[in-house]
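Working notes, structure below.
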Amino acid sequence: MKALGKSEKERRKAAAEYSSSSVLLLLPSSRVPRSGEGALPSFHRLGGVPPLSSSRPLPCLRPSLFLVYSHPTFSTSSKQQQGRQKRRTSMMMDPRLLFLLLSIALLLPSSIASCSPHSCQLLDPCSTADDCAPGLYCGNCPASGKTQPSCIRGQATLPTSIVNGLPFNKYAWLVTHNSFSIVNEPSSTGVQRVTFYNQEDTVTNQLRNGVRGLMLDMYDFRDDIWLCHSLQGQCYDFTAFEPAINTLREVEAFLTENPSEIVTIFIEDYVHAPKGLTKLFTNAGLAKYWYPVSEMPTNGRDWPGVTDMVAKNRRLLVFTSDASKEADEGIAYQWRYILENESGDPGMVPGSCPNRRESQALNSRYASLFLQNFFPTIPFENETCKEHSVGLAEMVDACYKAAGNILPNFIAVNFYMRSDGGGVFDIQDRMNGLNLCGCNTVTACQAGAPKAACKNTGSSNRTPTINGGTFSGYVQLSGSASRFHFYDLLVINLLYALLMLVFSL
């Protein structure tokens with residue numbers, strides 16, 4: 001602040017009068033505008049708070065920091081001015097006002113981003129998704145006791161961008177269970193949907209974030225084939241989602257836009273229309289990517305290399321739960337080519353990994369692909385982050401042992417983005433690291449290097465290098481920091497109203 005008096009006496013007098021009208025505000029420093037923004041007038045700093053500038057991020061401080069807002073008033077002989085000053089000073093001493101200010105401060109989140117936009121790393125505090133680096137979003141995990149929002153992984157590392165050319169069954173891929181069952185998906189029947197949900201973003205976004213396997217439940221419905229949850233084996237208006245061709249067209253668009261990617265579809269098949277699936281996939285434009293069932297390896301033999309599959313444009317693997325479809329329509333019967341553990345609650349019992357009834361024993365070496373399910377029978381969004389952060393790693397280890405020291409090729413989960421940090425993406429990285437190069441994470445692999453020749457990937461809490469993928473925009477989950485937008489607006493309006501009241505006196 002610049003004093004206006006010419007002499008030392010005048011400067012002291014001006015400073016005293018200036019401070020006599022100060023209003024005490026409890027604000028975290030990140031709520032203070034940077035110099036030049038002009039959202040509020042001028043601020044003094046106390047207690048060693050660093051000066052604000054637009055060239056550096058604001059520090060992460062809690063609301064106990066005291067800042068003083070000063071409204072300058074200068075001496076005058078006017079009795080009116082003196083009376084106004086007296087009333088203002090009296091108001092500042094009113095305990096009710098101090099209580100109001102304290103209440104406003106407590107509304108503010110106690111965890112504020114301490115980094116510039118789009119630069120917060122994994123587990124750094126955040127308040128919105130825009131704080132986080134690419135591949136991360138802002139969320140929390142109350143089920144694990146982590147209520148303050150931080151940057152969480154929202155995208156997979158594509159293993160083929162690091163180690164390419166190995167057989168398809170040497171890689172681990174992320175699968176979304178009931179990929180079509182999306183929270184807040186509008187009804188396509190005009191009837192309010194009454195069912196459960198398993199995912200939180202579109203199939204397109206799932207694929208862009210690194211998901212490479214989709215579980216789709218298909219039914220005959222309304223003279224078409226729909227994606228649906230069933231009630232006693234039937235699809236109804238209140239359990240239906242959309243015609244299956246809509247989702248398959250999303251898959252076709254993704255494969256067209258990403259000519260080196262491979263997608264696997266697992267169909268829970270309730271379609272009885274003659275050649276219904278064949279017509280569906282043809283009409284969706286996916287026949288050109290179809291991997292022919294006649295060339296799928298059996299008896300535990302390796303699949304072709306991923307580069308060979310891409311070169312031949314055989315980039316779509318489709319499996320059905322209906323054994324008759326393999327002979328009738330050329331669609332692979334799932335358990336002839338894949339080993340699978342039990343789904344639902346039986347597949348989440350710690351230390352146990354039983355095979356699904358339709359599947360051969362996990363250690364049989366009957367097939368070279370292994371699908372591990374990890375989702376409860378009834379999905380609970382708020383519990384999923386804890387399951388992915390603790391339970392999943394334990395279950396992968398249990399299934400690894402049950403399969404005779406073979407890691408799964410597919411991990412199927414609900415709400416794939418939810419965790420308290422790395423979640424399913426870290427687990428997939430570890431699985432691919434062990435399988436592809438003998439390292440603890442795939443990001444430590446070096447193409448062409450001997451087994452276990454791992455590079456130093458640096459601090460474990462930094463954002464992994466994402467190769468080959470595109471993060472299509474954040475998904476602000478219901479357990480994330482989105483509620484702080486409401487608090488921001490509430491606090492700003494309360495402060496503005498308070499200041500207008502004070503300075504109208």
Side-chain angles (χ1 to χ4, degrees), residues 175-182 185 187-191 193-199 202-203 206-207 211 213-255 263-294 296 314-338 340 343-344 356-359 369 371 373 375 410 412:
V175 178
T176 47
H177 172 234
N178 288 338
S179 315
F180 62 92
S181 179
I182 300 166
E185 180 78 3
S187 172
S188 296
T189 64
V191 176
R193 193 181 296 114
V194 183
T195 187
F196 53 85
Y197 299 89
N198 305 88
Q199 305 301 331
T202 65
V203 167
Q206 293 171 33
L207 293 169
V211 171
L214 306 173
M215 288 183 166
L216 305 177
D217 297 0
M218 297 190 182
Y219 291 79
D220 293 314
F221 183 65
R222 292 190 171 191
D223 298 321
D224 201 350
I225 298 174
W226 278 57
L227 301 176
C228 189
H229 286 315
S230 70
L231 182 64
Q232 297 180 336
Q234 297 293 320
C235 180
Y236 295 89
D237 285 339
F238 59 88
T239 63
F241 281 82
E242 66 176 5
I245 195 168
N246 295 349
T247 293
L248 294 184
R249 282 173 175 160
E250 291 185 68
V251 176
E252 192 279 332
F254 176 80
L255 289 173
V263 173
T264 303
I265 294 178
F266 304 89
I267 303 174
E268 189 171 324
D269 193 345
Y270 301 94
V271 177
H272 303 293
K275 304 292 184 181
L277 291 182
T278 301
K279 296 173 184 177
L280 173 66
F281 279 88
T282 300
N283 292 338
L286 287 170
K288 58 183 175 289
Y289 300 120
W290 197 275
Y291 195 103
V293 66
S294 59
M296 288 186 176
R314 294 173 175 174
R315 299 189 290 120
L316 179 66
L317 281 65
V318 182
F319 299 96
T320 174
S321 61
D322 185 342
S324 68
K325 298 287 177 70
E326 182 161 331
D328 294 344
E329 299 190 54
I331 304 174
Y333 177 55
Q334 180 169 327
W335 296 289
R336 189 168 286 128
Y337 306 93
I338 297 175
E340 182 180 358
S343 60
R356 183 169 175 150
R357 177 173 53 85
E358 299 91 341
S359 170
L369 291 177
L371 165 63
N373 297 301
F375 48 83
F410 302 100

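In this structure, the side chains of Phe281 and Ile265 come closer than 4.5 Å at one or more pairs of heavy atoms. Using a 4.5 Å heavy-atom cutoff, the side chains of Asn198 and Thr176 are not in contact. With a 4.5 Å cut-off on side-chain heavy atoms, Arg222 and Thr189 count as touching. Side-chain contact between Trp290 and Thr282: absent, with no pair of heavy atoms (C-beta onward) separated by less than 4.5 Å.
The distance from the CG atom of Asp217 to the OG atom of Ser321 is 8.5 Å, given to the nearest 0.5 Å. One distance of note links NE2 of His177 with CG of Asn373; it measures 7.5 Å at 0.5 Å rounding. With rounding to the nearest 0.5 Å, the separation of CD in Glu268 from OG in Ser230 is 7.0 Å. The CE atom of Met296 sits 8.0 Å away from the CD atom of Glu326 when rounded to the nearest 0.5 Å. Separation of atoms CE (Met218) and CD1 (Ile225) is listed at 7.5 Å; rounding is to 0.5 Å. The CG atom of Asp220 sits 6.0 Å away from the NE2 atom of His272 when rounded to the nearest 0.5 Å.
Across all non-hydrogen atoms, the minimal contact from Ala240 to Trp226 is CB-CE3, 3.7 Å. Looking at every heavy atom in both residues, Arg193 comes nearest to Thr239 through CG-CA, 4.5 Å. The two residues Val271 and Leu277 come nearest to each other via the heavy atoms CG2-CD2, 4.1 Å. The two residues Gly330 and Val293 make their nearest non-hydrogen contact at O-CG1, 3.6 Å. Of all heavy-atom pairs between Arg315 and Leu255, the closest is NH2-O, 2.9 Å. Scanning both residues, Glu242 and Thr247, for their nearest heavy atoms gives OE2-OG1, 2.6 Å.
Between Phe319 and Phe266, the angle of the ring planes stays under 30°, which puts this pair in the parallel group of the 30/60° scheme. Between Trp335 and Tyr333, the ring planes are perpendicular. Angles over 60° get that label, and only those under 30° would be called parallel. Classified by interplanar angle (parallel below 30°, tilted 30° to 60°, perpendicular above 60°), the ring pair Phe241/Tyr197 is perpendicular. Taking the six-membered ring for Trp and thresholds of 30 and 60 degrees, Tyr270 and Tyr219 have nearly parallel ring planes, at less than 30 degrees apart.
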Output, in order, the C-alpha distance, side-chain angles, deciding distance and verdict of side chain to side chain contact (heavy atoms under 4.5 Å, CB included) for Leu207 and Glu250.
CA-CA 9 Å; Leu207 293 169; Glu250 291 185 68; 5.6 Å; no
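Side-chain atoms of Gln334 and Glu358 form no donor-acceptor pair, as typed in the model, at a separation below 3.5 Å. Checked by atom type, the side-chain pair Asn178/Gln199 shows no donor-acceptor distance below 3.5 Å. Using modelled atom types, one finds a donor on one side chain and an acceptor on the other under 3.5 Å when comparing Asp322 with Ser324.
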